[in-house]
Amino acid sequence: MHVSERLLQLYADTNATTRTKLQDVIKQNLGDGKSLTVSFEELTGTTEPSLPIEEKSASDFAAWIKDGKKDATFLPYYVSLLEMHEDVLNKEATVPQSVSIDKTIVKETPIVDKASVPAPEPNVVETLKQEERATAAKPRYTPEIPVPSRAERAKYQRTIEPARPRRKSGKWIGVLFLLALLIGGGYIGYPYVMDLLEPKQEAKVVEETPKPDPEPVVQEPEINYVWLASKNVNLVSEPNGTTVTYIGDIGDRYEILKEQDEHVEVNLDGTTAWVPLDSVTTDWPTRELTDSTLLDWVNTNLNNDWLGESIPDFFAMNEAALTETIGAPYGRETDALNAYAFYNDGFFVIQQDKVHAIDWTNTQTTREVFSPLGEPVLETDDAVVYESETYSLRLFEGTNGQTRVRLTEK
C-alpha cells in the first residue's frame with residue numbers, strides 16, 4: 001500500500017487526540033535537530049533503514065504539519081510512527097516527568113443558605129395606592145349641550161308626501177333611437193365615402209437594401225485533459241521536484257497547461273502542479289452505464305447505515321449542512337485542494353465548501369462484486385474505475401486485503 005494511502009487509512013482509524021499527542025512527542029524528541037532514523041529508533045526501540053538520515057528539527061516538523069504534509073521527507077517517518085503510536089505513547093508515559101504545581105489561589109465564593117435569607121416585605125405604600133384607585137368613583141358624564149325634548153325633535157321631522165306618477169317617455173325613446181341610427185350609419189359609412197372622393201396614387205416600389213454578411217463566430221480554444229492512470233500519484237511543484245503539492249488518485253481529471261521534461265503541467269484549482277507523463281493517460285473511453293444503475297449498486301453492496309440520507313443529497317451539501325445532517329466528524333484534515341471529514345465507517349472529501357466525494361473504508365469489497373456494472377473505464381492491478389454520466393465509482397485495493405470504495409461527482 002502506498003504511504004499516502006496508509007496515511008488516509010490511519011487517519012480513519014485513529015482520533016485527533018491520539019494524533020496530537022504523537023505529534024507533541026515527536027517535536028519533543030526532535031528538539032533543535034536530529035536524524036529521522038535516530039529519532040525513530042529512540043521513540044520505538046526499533047530501526048527502520050528505509051527512513052531518511054538527514055537531520056530535521058521540531059520546528060521543521062511543525063511547519064510540515066501546518067503546510068498540509070506536502071514534503072515527502074517527513075511522510076514515511078510520520079506514517080511509520082503513526083502505525084506504532086500505541087508503543088510510542090506507552091513508552092513516553094513510562095518516562096518520569098516533572099510535575100508543575102499550579103500556585104494559583106482560587107478565591108472561593110461563600111455559600112449562603114437560602115433558608116437564612118429573609119423574604120422581602122411587601123410594598124405597603126404601593127398596595128394602598130392601588131386600593132385608593134380601585135375605590136375612587138368615576139365622575140358622571142354631563143353633556144355640554146342639553147338634549148332637546150320629544151316635542152322639539154318632532155318639529156324637525158319631514159312630512160312624507162305620496163310619490164308622483166311617472167310620465168310616459170315612449171316618444172323620447174323613439175327619437176333617441178333614430179338619432180343613434182343616423183350617427184352610427186354616418187360613422188360606419190364615412191371611410192368608404194372618403195375613399196371614393198380621394199384621388200388614387202400609384203404604388204411606390206421600395207428597393208430592398210442588401211443585408212450584410214454575418215460576422216464569423218470566434219471559436220473557443222479546445223481544452224485538453226489528462227486522467228491519472230494509477231493510485232496515489234504525487235503532483236509536485238516543479239518538473240523532477242520533490243515538494244509534493246497534492247497526492248492524486250486514479251481517475252482524477254486535470255486540464256493540461258503545457259509539457260516539459262517528461263512532465264505535464266496541470267491546473268489544480270487555481271494553482272499549478274506537475275505530473276509525470278508515465279502516470280497519466282489521454283485515452284478515456286465512455287461506457288453505457290446509467291446513473292440509476294450505478295447508484296443502485298452502491299445502495300445494495302455498501303454499508304450506508306452511517307449516512308442516513310439519500311446518496312445524491314450529500315453532493316448538494318456544504319460542510320455546515322453535512323455536520324447538521326449526520327453530526328460532527330471525529331477528525332478533520334486538509335491539504336492543498338481538499339478538506340477531509342472523518343467518520344467511523346468512512347470520510348467525506350470536501351472541495352470548495354461542497355461535498356465532492358464519499359469514501360467507504362475497510363469494505364472488504366472485491367472487484368468481482370463490480371462485475372454487474374459491465375466493462376470498467378480503467379483497470380490496474382490494485383484499482384478499478386467505473387463511470388456514468390454524473391458519477392465516478394472507484395475501488396482501491398490494499399496489500400493487507402482491505403479495500404476502499406470512493407464515489408465522486410464528476
Side-chain angles (χ1 to χ4, degrees), residues 1-16 19 64-72 74-75 78-79 82 225-237 243-255 265-275 279-280 306-307 311-361 383 385 387 390-396 404-410:
M1 185 184 293
H2 192 271
V3 64
S4 60
E5 188 173 2
R6 287 163 52 199
L7 180 61
L8 277 178
Q9 187 65 50
L10 289 169
Y11 266 96
D13 296 337
T14 58
N15 55 42
R19 296 195 299 272
W64 179 74
I65 292 292
K66 184 178 180 181
D67 195 34
K69 310 175 187 64
K70 297 180 181 180
D71 192 354
F74 274 113
L75 192 58
Y78 179 61
V79 170
L82 195 58
Y225 295 95
V226 292
W227 288 263
L228 298 186
S230 59
K231 288 196 316 179
N232 305 312
V233 179
N234 290 334
L235 280 70
V236 294
S237 58
T243 301
V244 179
T245 303
Y246 177 70
I247 300 175
D249 273 328
I250 186 171
D252 289 349
R253 187 187 75 168
Y254 302 103
E255 178 186 353
E265 186 181 22
V266 297
N267 184 6
L268 190 65
D269 191 26
T271 185
T272 59
W274 294 84
V275 191
S279 298
V280 299
W306 61 287
L307 297 175
I311 298 295
D313 294 341
F314 286 98
F315 292 103
M317 297 181 184
N318 56 18
E319 191 169 2
L322 176 65
T323 302
E324 183 178 356
T325 302
I326 63 175
Y330 72 80
R332 187 180 185 275
E333 294 292 329
T334 58
D335 56 23
L337 185 60
N338 304 316
Y340 304 88
F342 292 90
Y343 292 84
N344 290 331
D345 294 310
F347 60 91
F348 289 83
V349 181
I350 301 169
Q351 192 174 105
Q352 296 179 350
D353 196 27
K354 184 177 179 293
V355 173
H356 177 65
I358 306 174
D359 278 50
W360 287 261
T361 56
V385 181
E387 282 194 354
T390 307
Y391 303 102
S392 175
L393 182 65
R394 309 169 191 177
L395 171 69
F396 305 95
R404 176 166 57 93
V405 178
R406 169 173 291 184
L407 179 65
T408 304
E409 187 180 46
K410 296 165 57 178

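These numbers come from the heavy atoms of this one structure, side chains and all, not from hydrogens, waters or symmetry mates.
- With sequence neighbours left out, Tyr391 forms a ring-ring contact (aromatic ring centres under 6.0 Å, His included) with Phe315.
- Looking at heavy atoms from C-beta onward, Phe342 lies in side-chain contact with Glu333 at the 4.5 angstrom threshold.
- Asp269 CG to Asn267 CG: the interatomic distance, rounded to the nearest 0.5 Å, is 7.5 Å.
- To the nearest 0.5 Å, atoms OG1 (Thr323) and CG (Asn318) are separated by 8.5 Å.
- Contact annotation: the side chain of Asp249 never approaches that of Leu228 to less than 4.5 Å [non-hydrogen atoms, C-beta and beyond].
- Arg394 places a side-chain N or O within 3.5 Å of a backbone atom of Ile250 that can act as its donor or acceptor partner.
- Here the straight-line distance linking atom OG1 of Thr272 with atom CD of Glu255 works out to 11.5 Å at 0.5 Å rounding.
- Other residues, nucleotides and ligands contribute over 12 non-hydrogen atoms within 6.0 Å of the CD atom of Gln351.
- Two rings, from Trp306 and Phe348, have their centers less than 6.0 Å apart.
- Across all their heavy atoms, Asp13 and Tyr330 have their closest contact at N-OH, 3.9 Å.
- Of all the heavy atoms in Ile326 and Leu307, the pair that sits closest is CG2-O, 3.1 Å.
- In this view, Glu409 and Lys354 satisfy the side chain to side chain donor-acceptor pair (under 3.5 Å) rule, not counting sequence neighbours.
- From Asn344, atom CG reaches atom OG1 of Thr361 across 9.0 Å, with rounding to the nearest 0.5 Å.
- Counting heavy atoms from C-beta outward, Tyr340 and Ile350 have side chains that stay 4.5 Å or more apart.
- The CD1 atom of Ile358 sits 6.0 Å away from atom CG of Leu407, with the distance rounded to the nearest 0.5 Å.
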Given the rule in the salt bridge (Lys or Arg N to Asp or Glu O under 4.0 Å) test, do Glu387 and Arg253 qualify, once you have shown the distances and angles that lead to the verdict?
-> CA-CA 13 Å; Glu387 282 194 354; Arg253 187 187 75 168; over 6 Å; no

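- In this structure, the side chain of Arg406 does not engage the main chain of Ala357 through any donor-acceptor pair within 3.5 Å.
- For the residue pair Asp359 and Arg404, the shortest heavy atom distance occurs at OD2-NH1, 2.5 Å.
- For the pair Val226/Val275, no side-chain contact is recorded, criterion being any heavy-atom separation below 4.5 Å from C-beta on.
- Within the model, atoms CG of Leu82 and OG1 of Thr14 stand 5.0 Å from one another, a figure rounded to the nearest 0.5 Å.
- The heavy-atom pair separating Lys231 from Ala383 by the smallest distance is CG-CB, 3.9 Å.
- In terms of heavy-atom proximity, Val233 sits nearest to Ser279 at CG1-CB, 3.8 Å.
- Only one option out of Asp335, Asn338, Asn234 pairs with Tyr246 in a side chain to side chain donor-acceptor pair (under 3.5 Å); it is Asn338.
- In terms of heavy atoms, Gly248 sits closest to Leu235 at N-CD1, 3.8 Å.
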Stepwise, does the side-chain contact (heavy atoms from CB on, under 4.5 Å) test hold for Tyr343 with Asp345?
-> CA-CA 6 Å; Tyr343 292 84; Asp345 294 310; over 6 Å; no

